[in-house]
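Below, read A as the first sequence line, B as the second, and so on, with proteins coming before strands; counting in each chain starts at 1. Just so we're clear, the structure is a prediction, and the values are computed from it rather than from any experiment. Scope of the values below: all heavy atoms of this structure, side chains included, with no hydrogens, waters or symmetry mates.
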Amino acid sequence: MSDSRIPDKPDLAGLEDTWNAVWDETGIYHFDATKTRDEVFSIDTPPPTVSGSLHVGHVFSYTHTDTVARYQRMAGKEVFYPMGWDDNGLPTERRVQNYFGVRCDPSLPYEPDFTAPDDAGDPKAVGKRQTISVSRPNFIELCVQLTVEDEKAFEGLFRRLGLSVDWTRTYETINDHCRRISQLAFLDNLSAGQAYQIEAPSLWEVTFQTAVAQAELEDKELPGAYHKLRFRIVRDASGATVESAEGSDEPAIWIDTTRPELVPSCVALVAHPDDERYQPHFGGTVSSPLFGVEVPVVAHELAQPDKGTGIAMICTFGDTTDVTWWRELDLPVRTVIQRDGKFAAETPEWIPEGAATEAYQRLAGLRSKNAQDEIAKMLAEAGEMEGDPRPITHPVKFFEKGDKPLEIVSSRQWYIRNGGRDDDLRQALVDRGDEMNWVPSYMQTRFASWIEGLNGDWLISRQRFFGVPIPLWYPLDAAGEPVWDQPLVPSEDQLPIDPSTDVPAGYDESQRGQAGGFMGEPDIMDTWATSSLTPQIATGWRTDKDLHARTFPMDMRPQAHDIIRTWLFSTVVRAHFDADDVPWRNCALSGWILDPDRKKMSKSKGNVVVPTELLEQYGSDAVRYWASSGRPGTDTAFDEGQMKIGRRLSIKLLNASKFVLGFGDPSEGIDPSKVTDALDRSMLDRLADLVDDATTAFEAFDYARSLERTEAFFWWFTDNY
RNA sequence: GGGCCGUUAGCUCAGUUGGCUAGAGCGCUGCCUUCACACGGCAGAGGUCACUGGUUCAAGUCCAGUACGGCCCACCA
């Protein structure tokens, strides 16, 4: 250190560029792949979604991880710190569609010479131009083409923020490597019996027309209404026909339902076995209003005597309880709502001809909401509904990215076992939580309670077009029907494949869709099916055994607490199967950035604060200072005041450094044991305590505590020493 | 309905196994253009530690309960 490096007037401006250039030239953050596992600290960095832009929340949580990375490096560890970009999923799919004016059609063949339209990216062209259909491989190419620009911008911002990432180690979740790992892991799961397909009722999004998983659900409080409907009693428990007594009302059971439109798919009425009001009717039958379909009255302990009239109609399927009842009581399937969310045009075969069919035809083609209004009218006209519907609000299940209530339809889907239907596996996964250190510790409770509350396996197939394809084909029998249970599996060296354009061994393209030929699996995998493999992707599982051995299980997974049930849990499931181990030793959960606009400064600001502006205005160190003041797992208010303080602290630090360096060249070295002045020794003691304190804090991933202590010491040092 | 977290100065928050008159920063008041720093320094005002009980020589800290705020989960009749 020479005096010429000490400026007369220390200034923050340009520090980021200066040091980024040095870091780049020296490759100081490049991973040294010769270090052994115990010398390495490896980080499973969350890949941000590259559609859209980074926001202050990213700056916040990625800074936390970076402080830990830098601490570990100072503590002597070789830090493995890669970065991924997530370009799977609906947001990217939509963005590619709009940007290029294309639509993914897996039935089309790959066109190697396809180029994007000239007006790609032109906002004026959106919605006006003719949509071009392209094959899935072409669509993926366009996605990569579009996201590479975003990735550059993201990388630029992260570099400016000072993240000590190894920028030579990046991945995109849709690239060949990730598709390969994703398909490889799936095929492993398949051969181990951990992945399976089944035709079963599952939650269905009618807008996107795809199945969704339990982890992607969200409850919304919606207005609804109880409709009290009459089911006439047909037979008693002995099977004898029940006649109405002379002059009195026909004997009937009244039920309350919020979904009267599902009366045509009613398969039974259910009440609690202990409910004395309905015990006499168990084993008997009733006739559904309007449609006159005779259904049994059954008993099941899930029925709640205090809800509605205490007896419910079971429809296939109105809600997840219906699925349970249908399965456990061995009831038939009578589906009326199709995958597009509309009532089937054809009158179902179980509905009698005549008035019942006429009634059904008034519902045919309608969506649930309209059908509900229509049937309420009919029920009222027919005198089958008592009084008016009684408005209530109730929770309704939605896909977290959807805007229509989910329906339940029966379809063939792929699942990965996750303990939802297997107590031993469930317990094994809960126990994996004990093998990991949780920061903050109470987050483990969320992990465990999510697993304990699972009610089915992980549904990974999606009826979408963009994503990592399920790497299978099916032979077609002589009648041209797929033989689902004999999938054609690609070999490992073929991966990644796209069954919509690639051909299984022993077949040629001309046999696609032909009797005696083959068909590709049409579904893709859920984005989490790939994201759950980020440790495997980053560490070179099955592709770079040497690197994998030096970095896996990883040391740290930083992530937000809202995706414990999705990303964190699914990653644990995958590592449990793939490695019989945990994916990482430490889970560091970060909190949210609370929007200050909600509190007070919404209009006064007017414009959205983007991270680049913050970094310009306050400097990276100041923004990092603010981020680091948010304690692990704690939601933190966006606070420019903290950034101002951070900026002052940074300047103070530069000036104090200048002052200290003015005393001479510190590289001469000072032996602390030779310091005799009481004042000096006192300061050094205090410093040693601080180092202990900060080290302890960082070992526990508590960067905020470390900052607080260090800052306090620094002010004491400059003021008093 | 079940569970988790929180409630300390006007604001944002520290307070680690219970232990000296409860701390910091911001903001506020007053003073200081001292040669590292006015992007600074010094001094000061400001708190029934949500509430109620309990354990203890001693409780912001432990226990029980209550209230309020937030989050997660739950079978939509």
Side-chain angles (χ1 to χ4, degrees), chain A residues 6-12 214 217 219-222 224 226-229 255-260 262 266 269-271 300-304 306-315 317-325 392-398 405-406 408 440-455 561-562 564-565 591-592 594 596 599-600 618-619 622 626 629-631 633-639 641-642 644-663 693 696-697 700 702 704-705 707-709 711-712 715 718-719:
Chain A
I6 306 171
D8 290 342
K9 180 89 176 165
D11 190 0
L12 292 175
Q214 186 184 353
L217 304 186
D219 279 357
K220 291 186 187 173
E221 282 286 332
L222 281 198
Y226 273 124
H227 299 66
K228 191 167 188 175
L229 310 184
I255 63 114
D256 269 323
T257 178
T258 56
R259 297 203 64 182
L262 290 178
C266 178
L269 299 190
V270 63
H300 194 281
E301 60 276 3
L302 278 183
Q304 295 176 30
D306 56 345
K307 225 166 182 179
T309 60
I311 186 164
M313 62 174 189
I314 303 175
C315 307
F317 299 93
D319 62 39
T320 52
T321 317
D322 281 341
V323 177
T324 307
W325 281 325
I392 55 158
T393 38
H394 59 165
V396 178
K397 284 195 195 323
F398 279 70
L406 292 171
I408 294 175
S441 57
Y442 59 78
M443 291 293 181
Q444 189 183 349
T445 310
R446 291 204 195 174
F447 172 79
S449 47
W450 171 253
I451 300 174
E452 281 154 8
L454 286 171
N455 53 33
H561 59 65
D562 59 319
I564 289 174
R565 66 178 185 171
W592 286 98
L594 297 182
K599 286 180 182 173
K600 40 192 167 187
Y618 300 105
W626 159 72
S629 68
R631 307 198 95 77
T634 308
D635 294 343
T636 303
F638 175 73
D639 186 357
Q642 281 296 105
K644 288 178 186 161
I645 297 161
R647 183 173 176 81
R648 283 181 206 165
L649 177 65
S650 303
I651 292 165
K652 181 87 174 172
L653 194 54
L654 290 179
N655 281 302
S657 302
K658 181 188 168 194
F659 179 68
V660 170
L661 293 171
F663 284 93
D693 216 2
T696 305
D702 194 346
R705 183 185 172 86
L707 170 65
E708 188 195 0
R709 297 305 159 100
E711 187 184 7
W715 284 104
T718 54
D719 291 350

Just the atom pairs and distances: protein N or O near nucleotides 41-47 of chain B's N or O, under 3.5 Å.
{"from": "G41(B)", "atom 1": "OP1", "to": "K652(A)", "atom 2": "NZ", "distance (Å)": "3.2"}
{"from": "C42(B)", "atom 1": "OP1", "to": "D719(A)", "atom 2": "OD2", "distance (Å)": "3.4"}

Name the nucleic acid region contacted by [X], choosing base, sugar-phosphate or nothing; use a 4.0 angstrom heavy-atom cut-off, strictly under.
| X | value |
| --- | --- |
| Q304(A) | base |
| T258(A) | sugar-phosphate |
| L217(A) | nothing |
| E301(A) | nothing |
| A303(A) | base |

Under a 3.5 Å cut-off for both contacts, is [N] paired Watson-Crick or G-U wobble with anything, and if yes, with which nucleotide?
| N | value |
| --- | --- |
| A74(B) | none |
| A38(B) | none |
| G60(B) | none |
| A22(B) | none |
| C51(B) | G65(B) |
| G27(B) | none |

Q: Please name all residues satisfying salt bridge (charged side-chain N to carboxylate O under 4.0 Å, His left out) with K644(A), sequence neighbours left out, ordered by chain then number.
A: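 None.
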(Q) Consider side-chain contact (heavy atoms from CB on, under 4.5 Å). Of L406(A), D219(A), L222(A), T258(A), which one does V396(A) pass it with? (A)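 With V396(A) as partner, side-chain contact (heavy atoms from CB on, under 4.5 Å) holds for just one option, L222(A).
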So, OP1 or OP2 of [N]: does either fall under 4.0 Å of a side-chain N or O from [X]?
| X | N | value |
| --- | --- | --- |
| Q642(A) | A24(B) | no |
| K397(A) | C75(B) | yes |
| R259(A) | C76(B) | no |
| N455(A) | C75(B) | yes |
| K307(A) | C76(B) | yes |
| R565(A) | C73(B) | yes |

Could you check which of [options] has an atom nearest any side-chain atom of [X]?
| X | options | value |
| --- | --- | --- |
| T320(A) | A14(B), C75(B), G3(B) | C75(B) |
| N655(A) | C5(B), C76(B), A36(B) | A36(B) |
| L302(A) | A74(B), G40(B), C75(B) | C75(B) |
| R631(A) | G3(B), A14(B), C72(B) | A14(B) |

Q | Spacing of the P atoms in A50(B) and G25(B) (rounded, Å) | A |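 The same atom, P, in both gives a distance of 22 Å.
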Q: Round to the nearest Å and state the distance from R647(A) atom CZ to C26(B) atom P.
A: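 So the CZ-P distance, R647(A) to C26(B), works out to 16 Å.
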